[in-house]
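See structure below.
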There are 2 protein chains.
Amino acid sequence: MSEERPTLRTTARSLPIALLRARETVMGPIREMLAKSGISEQKWRVLRVLDEVGPVEQTAIADAACLLLPSLTRILSAMEKDGYLVRRTDDTDRRKSIVELTEAGRALIARHAEESNAIMTRLERRFGEGKVTKLLDLLDELRASGSER
Amino acid sequence: MSEERPTLRTTARSLPIALLRARETVMGPIREMLAKSGISEQKWRVLRVLDEVGPVEQTAIADAACLLLPSLTRILSAMEKDGYLVRRTDDTDRRKSIVELTEAGRALIARHAEESNAIMTRLERRFGEGKVTKLLDLLDELRASGSER
DNA sequence: TATTGTTATACTCTATAACTATA
DNA sequence: TATAGTTATAGAGTATAACAATA
């Protein structure tokens, strides 16, 4: 049969689809964990970013947590109302607002840290620790190469 | 300082976050491509799955395209209305409905295949073809290990 | 009784543009 | 003029449960 049209790669060899499928595989137990405290994936990412980098402006959070600024505005408002973080105007540039975790925010993270680590450790045992490391390295490099040219 | 609470991995070493960030990096040019024909990421995944596996029941599509069945129902209805696919009741099990691409659906894929491949090729050149292969292999294995045990 | 898919509902996130205030 | 963040709005996806048809 004469096949004229260009052929796409199989979905298993499509990077965006493979990344999504792999993520869905990994997210299962984490979703269960988060569901228990009624916190969304997006809020959990924001919490982790804040925990990692400390007080920071919103554009940086949006980039690190893969959220658009309008989404982030809404999420931060809700989380501030719930007492997990505070926003204050930056001293040197009053357009910026700096976001910072409260003690309650840090406590929320702490409550989940152990289980989160256990989930990751279990995955490493099943999938292979070396492979996880290799995979994370490649993902980092891929992300970095996206910023180039 | 005495740090008592358990520590989380950095977000760069969190598999779900790293997978998401990498995906966002890769999706940029693809989103631009799809935006031109007003087709969502989710619809594009459905098209590719159907193109790859042929006529198939909806549960299988949902799994392969990482969509919940209620979402898929709505998406398929819209795509059927647009003439890209048809649904027919399975002969041997009348609970199932088999979904199949129409000629218009295949044409839609064909219109994007060349550009989609070009985007992927460009990424391979920048990031390294070997690394892409290695990454896809690892993602496949990860996905497979999720089904185990 | 279990499974396949649909419908209903409430919620959340996405995407874009317009806007405010600061620089 | 440009940037940081907010607000508005429309649209789409997520998640859960309840349901109909079929097995």
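Each chain gets a letter, A, B and so on, in the order its sequence line appears, and its residues count up from 1.
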[atom1] of [X] versus [atom2] of [N]: gap in Å, rounded?
| X | N | atom1 | atom2 | value |
| --- | --- | --- | --- | --- |
| B:E24 | C:dA15 | CD | C1' | 13 Å |
| B:I98 | C:dT4 | CD1 | C1' | 11 Å |
| A:I39 | D:dA15 | CD1 | P | 15 Å |
| A:L72 | D:dT7 | CG | P | 13 Å |
| A:L69 | D:dT3 | CG | C1' | 11 Å |
| A:L67 | C:dT16 | CG | P | 16 Å |
| A:L68 | C:dA17 | CG | C1' | 13 Å |
| A:Q42 | C:dC11 | CD | P | 16 Å |

Check whether any side-chain N or O of [X] sits under 4.0 Å from OP1 or OP2 of [N], and answer yes or no.
| X | N | answer |
| --- | --- | --- |
| A:S77 | D:dT6 | no |
| A:R87 | D:dG5 | no |
| A:R74 | D:dA8 | no |
| A:T73 | D:dT7 | no |

Surrounding CD of A:E129 (heavy atoms of other residues, nucleotides or ligands, distance under 6.0 Å), is the total greater than 12?
no

Hey, which of these two, A:S40 or A:P70, hits DNA chain C nearer its 5' end, going by closest nucleotide?
A:S40

Taking for each residue the nucleotide of DNA chain C bearing the nearest heavy atom, is the 5' side occupied by B:Q58 or by A:S71?
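This one resolves to B:Q58.
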
Name the residue closer to the 5' end of DNA chain D, choosing between A:E41 and A:K96 according to the nucleotide with the nearest heavy atom.
A:K96

Does B:E57 reach the side chain of B:D90, with side-chain heavy atoms less than 4.5 Å apart?
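They are not in side-chain contact.
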
Any side-chain heavy-atom pair from A:M79 and A:L47 closer than 4.5 angstrom?
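With C-beta onward as the side chain, the pair touches.
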
Atom pairs under 3.5 Å: protein N/O with N/O of nucleotides 21-23 of chain D:
{"from": "D:dT22", "atom 1": "OP1", "to": "B:R94", "atom 2": "NH2", "distance (Å)": "3.4"}
{"from": "D:dA23", "atom 1": "OP1", "to": "B:R94", "atom 2": "N", "distance (Å)": "2.7"}

Under the salt bridge (charged side-chain N to carboxylate O under 4.0 Å, His left out) rule, collect the residues that match up with B:D63, sequence neighbours excluded.
B:R143

Please name the residue in the list B:L67, B:I61, B:L50 that meets the side chain to side chain contact (heavy atoms under 4.5 Å, CB included) test with B:R45.
B:L67

Of the candidate nucleotides C:dT4, C:dA15, D:dA4, which contains the atom at the shortest distance from the side chain of B:R31?
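Shortest atom-to-atom distance from the side chain points to C:dA15.
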
Identify, with sequence neighbours excluded, every residue that meets side-chain hydrogen bond (donor to acceptor under 3.5 Å, both in side chains) alongside B:R87.
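So B:R87 forms a side-chain hydrogen bond (donor to acceptor under 3.5 Å, both in side chains) with B:S77, B:E80.
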
Backbone N or O of B:G83 within a donor-acceptor pair of the B:T102 side chain at under 3.5 Å?
yes

